[in-house]
Amino acid sequence: MPDRILKIGEVFKFEVESKAKIAVTLVGKEPKNDEVSAESVKVKTMVDAPAPDPASTQKVKVEATSLLEPGTGKVLRTEGTLDGPLGKLPPGAKVSFKVLRLKDAAK
């Protein structure tokens, strides 16, 4: 992760051991809304990784937009797409996903 605070619009790029290339862009602040009950930080993440099968020449691509809790980095909402062979998915498969942290019923 970055060793400094990112500015809005700034991209932080890095690579992990699996040779996955990751780019995280700080988009800005998001006001609370129907799905997220507090102000959040919006980030866009792009991942370009080799397929898990070493014999495959295809790449796995993930694009996601997430809302994070300021200060903790907890994911409040994320949605995006995954393209490519991953697990039991066939070559050329495309998956859309959306994850939403449910409001704490105790509050």
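- Remark: K13 pairs with no residue by the side chain to side chain donor-acceptor pair (under 3.5 Å) rule, at least two apart or across chains.
- Taking OG1 from T65 and CD from E30, the interatomic distance works out to 9.5 Å, rounded to the nearest 0.5 Å.
- No path of Ile, Leu, Val, Met, Phe, Trp and Tyr side chains, each step under 4.5 Å between heavy atoms, connects L100 with L68, placing them in separate hydrophobic clusters.
- Partners of K7 by side chain to side chain contact (heavy atoms under 4.5 Å, CB included), not counting sequence neighbours, listed by chain and number: E10.
- Annotation for P50 and S18: closest pair CG-O, 3.5 Å, computed over non-hydrogen atoms.
- Atom CG of D48 sits about 10.0 Å away from atom CD of E15, to the nearest 0.5 Å.
- When all heavy atoms of F97 and T81 are compared, the closest pair comes out as CE2-N, 3.6 Å.
- Contacts of K29 classified as side chain to side chain contact (heavy atoms under 4.5 Å, CB included), with partners at least two apart in sequence or in another chain: E39.
- With sequence neighbours excluded, the residues forming a side chain to side chain contact (heavy atoms under 4.5 Å, CB included) with T25 are V11, K44, listed by chain and number.
- Under the 4.5 Å side-chain heavy-atom criterion for ILVMFWY residues, a single connected hydrophobic cluster contains both V16 and F12.
- Here salt bridge (charged side-chain N to carboxylate O under 4.0 Å, His left out) pairs that include residues 67-78, with residues two or more places apart or in two chains, are E35-R77, R77-E79.
- The distance from the NZ atom of K21 to the NZ atom of K59 is 6.0 Å, given to the nearest 0.5 Å.
- The CG atom of D83 sits 5.0 Å away from the NZ atom of K94 when rounded to the nearest 0.5 Å.
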For side-chain contact (heavy atoms from CB on, under 4.5 Å), just list the numbers for T45 and V62, CA-CA rounded to whole Å, side-chain angles, deciding distance to a tenth of an Å, and then say yes or no. CA-CA 8 Å; T45 306; V62 179; over 6 Å; no

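- The shortest distance between side-chain heavy atoms of V43 and V27 does not fall below 4.5 Å.
- By the criterion of side-chain heavy atoms lying less than 4.5 angstrom apart, applied directly or through intervening Ile, Leu, Val, Met, Phe, Trp or Tyr residues, L26 is not grouped with M46; the two fall into different hydrophobic clusters.
- Under the side chain to side chain donor-acceptor pair (under 3.5 Å) criterion, S40 pairs with no residue at all, not counting sequence neighbours.
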